[in-house]
Amino acid sequence: MREAQTRTEAGQVVVIGGGIAGLAAAHRVLAGGRRVTVLEASDRVGGKLLPGEIAGVRVDLGAESMLARRPEAVALAREVGLAGRLQPPATATASIWTRGALCPMPKGHVMGVPGTAAALAGVLSEEGLARIERDADLPRTEVGDDVAVGEYVAARLGREVVDRLVEPLLGGVYAGDAYRISMRSAVPQLYQAALTHDSLTEAVREIQAKAAANQQTGPVFMGIEGGVGQLPLAVAESVRARGGEIVTGAPVTELRREASGGWRVVAGDRVLRADAVVVAVPAPAAAALLRAEAPGAAAELAAVEYASMALITLAYRRADTALPAGSGFLVPPVDGRTIKASTFASQKWGWIADEDPDTLVLRTSVGRYGETDILGRDDAHLVDVSRRDLKQATGLDATPVRTRVTRWTDGLPQYPVGHHARVARVREHIAKVPGLAVCGAQYDGVGIPACIASAYAAVDQLDGDLSGVQDLTANPVQSLHGGAGE
Ligand SMILES: Cc1cc2nc3c(=O)[nH]c(=O)nc-3n(C[C@H](O)[C@H](O)[C@H](O)COP(=O)(O)OP(=O)(O)OC[C@H]3O[C@@H](n4cnc5c(N)ncnc54)[C@H](O)[C@@H]3O)c2cc1C
């Protein structure tokens, strides 16, 4: 049994899950002067953030980019010592591979929804553009409590905008289906605008005018030299340096409240006692853990669906390749290709190009919600279809020197219509249980900054529960086995 550590306030918090949400929660707990232990099931921290290597070049094998227009991810990176390694993309130009050609990604849209038909010239057919013009004359489309993005946008502007632009853009974030995804949860600014505007294009123009007035400058996205997979490693290091404990290879199997009011957390033969618990694991695992103490929340979480995908990373001799300019391209499902996107990693990130100027790295992704056949195929097949599609899109015909397939089974929670109401119900159930909070990708957004924000909100919620907690020195964490580490 180890000694309790010195602290300024009482309160031992256990965080279950060592993805970016769990680690950000631990970081926040320590900032509040309490003690923290993170229990991570796998043998590494980071979850969907995974640094790796191909042909001697460091790359991200999971998430690769952080939205910089909201503060949380970039701010956390700075706090844990990565300020000097933050890097914007080397190019902000992307394409869309549609109707047999790579077209420059239009500017002047909100998640694919344009302020004017002219903004989509070159991507949509003449009929598609003419259909957008009709928006101004159509009667109002009610959005109610929530509506599918695709359904609403198609009603206002026609299906072509949805199929050729909204769908691939949303698919890039959720691997979902635009005709199922909640507008209220996934594109809240459009939902809010739709409540007060009859015309969608007018609403988008207003959103754009406000953004211009706010003078949001600087890069929209940010990367990290060495990959955004470095972020969880740096957060974990900072947590440990400030006395937090992170235990990997520790899948939590049981979470129970004790008669005394605290918690008993079981991870294999390790039993921990805590004043408060943050559950930062994906919905199915959270449902299993919460079944005993918050069955209502567990039932809601058990109903959250996930999409699976695979990333295919390919390394080429640079001398063999001549790619179009830009950071890569998206592919609308309606075009019937297998890949749904490709990132020209060596062109998008200066740090990847610098790793080895003679090697060019790019990656493709396959798999959308409900699309299971392609993910059932072996790695060699996924590499073959990626090469076939890349050749058709870009002319790239060289043989890669190395390939790597990374599978993300159930990688992305789906946000269907009504998601916000489900999350509200989960939170209602959780709020009834003192010393319990939840965070992660299935609540308020799947992006890295949103996950971090949900972690901070979870810890802030616990602060109220913990304010009256007595010092636990007489009752420290029972670490039955040592060996904490990544
Ligand atoms: C392929 C892919 C690419 C993406 N690209 C981007 C991108 O470029 N930019 C972006 O912003 N977002 C991206 N995302 C989304 C984003 O990466 C994730 O939503 C986010 O990282 C999820 O973090 P999390 O901490 O909520 O969950 P996770 O990363 O899933 O972490 C949860 C952790 O809990 C652990 N765990 C599970 N059960 C237990 C248990 N019983 N006990 C203990 N531990 C347990 C897991 O092992 C895991 O480490 C991408 C997602 C995927 C799948």
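All values below come from the heavy atoms of this structure, side chains included, with hydrogens, waters and symmetry mates left out. As the structure is a computational prediction, the values presented were derived from the model and not from experiment. For ligands, and for the atoms within them, numbers begin at 1 and follow the listed sequence.
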Problem set entry | Flag, side chain of Asp60 to backbone of Val228, donor-acceptor distance under 3.5 Å | yes

Exercise. Just by distance, do the side chain of Ser454 and the backbone of Gly440 share a donor-acceptor pair under 3.5 Å?
Worked result: yes

Exercise. Who pairs with Glu371 by side chain to side chain contact (heavy atoms under 4.5 Å, CB included), at least two apart in sequence or on another chain?
Worked result: Arg368, Ile374

Exercise. Distance only, no hydrogens: is a donor on one side chain within 3.5 Å (strictly under) of an acceptor on the other, for Arg184 and His419?
Worked result: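 No pair is found: no donor N or O on one side chain lies under 3.5 Å from an acceptor on the other.
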
Problem set entry | Partner residues of Lys348 under the salt bridge (charged side-chain N to carboxylate O under 4.0 Å, His left out) criterion, sequence neighbours left out |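 Counting only residues at least two positions away or on another chain, Lys348 forms a salt bridge (charged side-chain N to carboxylate O under 4.0 Å, His left out) with Glu64.
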
Problem set entry | Contacts of Arg256 that satisfy salt bridge (charged side-chain N to carboxylate O under 4.0 Å, His left out) - sequence neighbours left out |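 Glu293.
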
What does the N/O contact table under 3.5 Å look like for ligand 1?
residue  : atom   : partner : partner atom : Å
ligand 1 : 8 (O)  : Glu64   : N            : 3.1
ligand 1 : 8 (O)  : Ser65   : N            : 3.3
ligand 1 : 8 (O)  : Ser65   : O            : 3.4
ligand 1 : 9 (N)  : Ser65   : O            : 2.6
ligand 1 : 11 (O) : Ile448  : N            : 2.8
ligand 1 : 19 (O) : Val446  : O            : 2.5
ligand 1 : 25 (O) : Ile20   : N            : 3.2
ligand 1 : 25 (O) : Ala21   : N            : 3.0
ligand 1 : 26 (O) : Ala441  : N            : 3.0
ligand 1 : 29 (O) : Lys48   : N            : 2.9
ligand 1 : 30 (O) : Lys48   : NZ           : 2.6
ligand 1 : 41 (N) : Val252  : O            : 3.1
ligand 1 : 42 (N) : Val252  : N            : 2.9
ligand 1 : 44 (N) : Ala41   : N            : 3.0
ligand 1 : 47 (O) : Glu40   : OE2          : 2.6
ligand 1 : 49 (O) : Glu40   : OE1          : 2.7
ligand 1 : 49 (O) : Glu40   : OE2          : 3.1

